[in-house]
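Heads up: the structure comes next, in structure tokens.
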Amino acid sequence: MTTVNTTSLRRDLLNWYRANRRSLPWRETADPYSIWISEIMLQQTQVATVIPYYRRFMDRFPSPGHLAAADLQEVLKLWEGLGYYSRARHLHRAAGIVASRHNDRLPDDPAALRALPGIGEYTAAAVLSIAFGQVVPVVDGNVKRVLARLLEIDTPVNKSGAHGRFVGPARELICPRHPAEFNQAIMELGALVCRPKNPACDRCPLAGWCQACRHHTIERFPTRIAARKKPLRKLIYGVVFKNGKLLVGQRPEEGLLGGLWEFPSIATGRQPLSTGEIERVLAAEIGIAVNVDKRLTSIRHAYTHFTLSADVYLLTYTAGRVRWQSVQSRRWVSFSQLRRLPTHKAIHKFLGLLEGLNR
């Protein structure tokens, strides 16, 4: 840090930000709740994707009390397609705590804030600085990239425990007079200028202090540990019809895609299953006898830790009572009812085909 004139760096970064900052809805408010919602939505999600979700969410739930009073299924439905659904479940639970214990106001005490479900070190720092003006550095992926190049930090940004390596420099650089603006400025710099590929060093306000720029090592930073190849999971989705209605089940609230609705499914191996095997295995899963009508389509969807490949089959109920033990709730629904339930993106990929059927 001895090579950096922090006073000049802060001034130049803030001047750049004031002239180049994007107009984003959560930047037009000082409301801590609104800022909290935006920070949760922005986790591992692109800004352009978040904007319409944020607007719809804030229109429907303008305060913690409104969110706490809502049914979780409605919250998940509004979140549908945004991914990482545990964020929505945590928000719902946290809003209940804020409404009941903190007079419907997000707490500005670090310990109380961190005690809320879904608020970790990054989110707490962002809310404390941006919403409450506390001098706390925010270190996300954009900030790590800027710092790695600025100071030639060779610690892999995705290494376990690497976060602490970047917090120290960020704490030294943050502007104590304008912590909220500084944190947003350095994140904005990473998003717009100090990009992962093809950074615009000629437009960077920090180029004069950047060691990687000076040493022509920009492409070497930040360093990363090579990611493991995602495993492939293969499924068969069985869309079971009975008198014009479809069988769906709600996944357990905790865990992947918790609380969302989907069709019965069975895992498959390398060898495809015959029609008879699909009927037998699916019947064992959901407790009713079914007949396979036809294969509808195949889908592929990438999740964070694995890739899903699924064949979708249409089936007809023939006998029995549903005994689907792996879900927390189950029901027969019409297409209009299905559209009102929160479902995940893999299901969305063939809903249009289903609705086009004449059954």
Side-chain angles (χ1 to χ4, degrees), residues 56 60-61 67-93 96 233 235-268 278-297 299 301 303 308 310-359:
R56 288 192 296 267
R60 175 62 186 87
F61 309 122
L67 178 55
D71 185 86
L72 177 59
Q73 286 290 286
E74 183 185 4
V75 177
L76 290 172
K77 184 64 180 177
L78 269 181
W79 201 274
E80 188 179 60
L82 196 56
Y84 302 99
Y85 292 91
S86 62
R87 296 181 295 175
R89 298 195 301 273
H90 289 150
L91 272 175
H92 188 250
R93 287 201 294 269
R233 295 186 186 177
L235 292 180
I236 286 177
Y237 279 117
V239 181
V240 183
F241 285 85
K242 178 186 178 184
N243 299 326
K245 293 193 172 183
L246 308 92
L247 178 63
V248 292
Q250 185 185 24
R251 296 175 67 97
E253 274 196 15
E254 298 303 322
L256 180 69
L257 307 174
L260 302 186
W261 294 78
E262 64 182 8
F263 298 105
S265 65
I266 53 176
T268 62
I278 293 172
E279 293 172 346
R280 177 177 54 79
V281 178
L282 198 59
E285 169 68 13
I286 59 179
I288 57 176
V290 292
N291 284 338
V292 171
D293 294 335
K294 67 175 182 178
R295 177 182 164 279
L296 177 68
T297 189
I299 64 162
H301 187 71
Y303 291 98
L308 172 68
D311 291 319
V312 183
Y313 282 83
L314 305 180
L315 305 100
T316 300
Y317 163 88
T318 58
R321 182 179 178 182
V322 176
R323 296 187 303 277
W324 190 357
Q325 301 299 321
S326 61
V327 295
Q328 68 175 21
S329 182
R330 62 204 67 82
R331 64 180 70 163
W332 294 95
V333 298
S334 65
F335 280 116
S336 61
Q337 291 170 327
L338 178 61
R339 279 295 186 185
R340 293 195 290 271
L341 296 175
T343 54
H344 52 87
K345 278 190 173 180
I347 302 298
H348 291 186
K349 290 186 173 180
F350 58 88
L351 277 184
L353 286 175
L354 279 179
E355 291 184 335
L357 298 174
N358 293 316
R359 293 181 68 97

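- Proximity of Thr343 to Leu260: side-chain heavy atoms (C-beta onward) are nowhere separated by under 4.5 Å.
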**OP:** Give the intermediate values and the outcome of side chain to side chain contact (heavy atoms under 4.5 Å, CB included) for residues Trp79 and Leu91.
**Re:** CA-CA 11 Å; Trp79 201 274; Leu91 272 175; 3.6 Å; yes
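- Contact of the Trp261 side chain with the Val327 side chain is not registered, since no non-hydrogen atoms from C-beta on lie closer than 4.5 Å.
- A donor-acceptor distance shorter than 3.5 angstrom exists from the side chain of Arg87 to the backbone of Leu82, with no hydrogens or angles considered.
- Nearest heavy-atom pair, Pro342 versus Gly259, reported as atom, atom and distance to 0.1 Å: CG-O, 4.3 Å.
- Rounding to the nearest 0.5 Å gives a distance of 8.5 Å between CG of Leu282 and CH2 of Trp324.
- Salt-bridge formation is not detected for the pair Glu74/Lys77: no Lys NZ or Arg NE/NH1/NH2 atom is positioned less than 4.0 Å from an Asp or Glu carboxylate oxygen.
- Within the 3.5 Å criterion, the main-chain N or O of Ala70 finds a donor-acceptor partner in the side chain of His92.
- Taking each heavy atom of Glu285 and Ser326 in turn, the nearest pair found is OE2-OG, 2.8 Å.
- Residues Ile286 and Leu247 meet the side-chain proximity criterion, which asks for heavy atoms closer than 4.5 Å.
- A 4.5 Å side-chain heavy-atom check between Leu78 and Phe61 finds at least one atom pair inside the cut-off.
- With respect to Glu262 and Arg251, a salt bridge is recorded, a charged nitrogen being found less than 4.0 Å from a carboxylate O.
- Atoms CD1 and NE2, on Ile299 and His348 in that order, are 11.0 Å from each other to the nearest 0.5 Å.
- For Arg56, the CZ atom counts as densely surrounded, since its 6.0 Å shell holds more than 12 non-hydrogen atoms of other residues, nucleotides or ligands.
- Separation of atoms CG (Leu354) and OH (Tyr237) is listed at 12.0 Å; rounding is to 0.5 Å.
- Of the possible donor and acceptor atoms, none in the side chain of Ser329 sits under 3.5 Å from a partner among the backbone N and O of Gln250.
- Residues Val248 and Leu341 approach most closely at CG2-CD1, 4.2 Å, considering heavy atoms.
- Counting heavy atoms from C-beta on, the side chains of Lys349 and Thr297 never come closer than 4.5 Å.
- Of the possible polar contacts, one joining the Arg89 side chain to the Glu253 backbone as a donor-acceptor pair under 3.5 Å is found.
- Scanning all heavy atoms of the two residues, the minimum distance from His344 to Tyr303 falls at ND1-OH, 3.3 Å.
- At least one side-chain heavy atom of Trp332 sits less than 4.5 Å from a side-chain heavy atom of Val240.
- The shortest heavy-atom contact between Ala88 and Leu76 is CB-CD2, 4.0 Å.
- When all heavy atoms of Leu314 and Phe241 are compared, the closest pair comes out as CD2-CE1, 4.0 Å.
- With salt bridges taken as basic N to acidic carboxylate O contacts below 4.0 Å, one links Glu254 and Arg93.
- Between Ile278 atom CD1 and Ile236 atom CD1 the span is 4.0 Å, to the nearest 0.5 Å.
- With rounding to the nearest 0.5 angstrom, the CZ atom of Arg331 is 10.5 Å from the CG atom of Leu338.
- With values rounded to the nearest 0.5 angstrom, Thr316 atom OG1 is found 3.5 Å from Asp293 atom CG.
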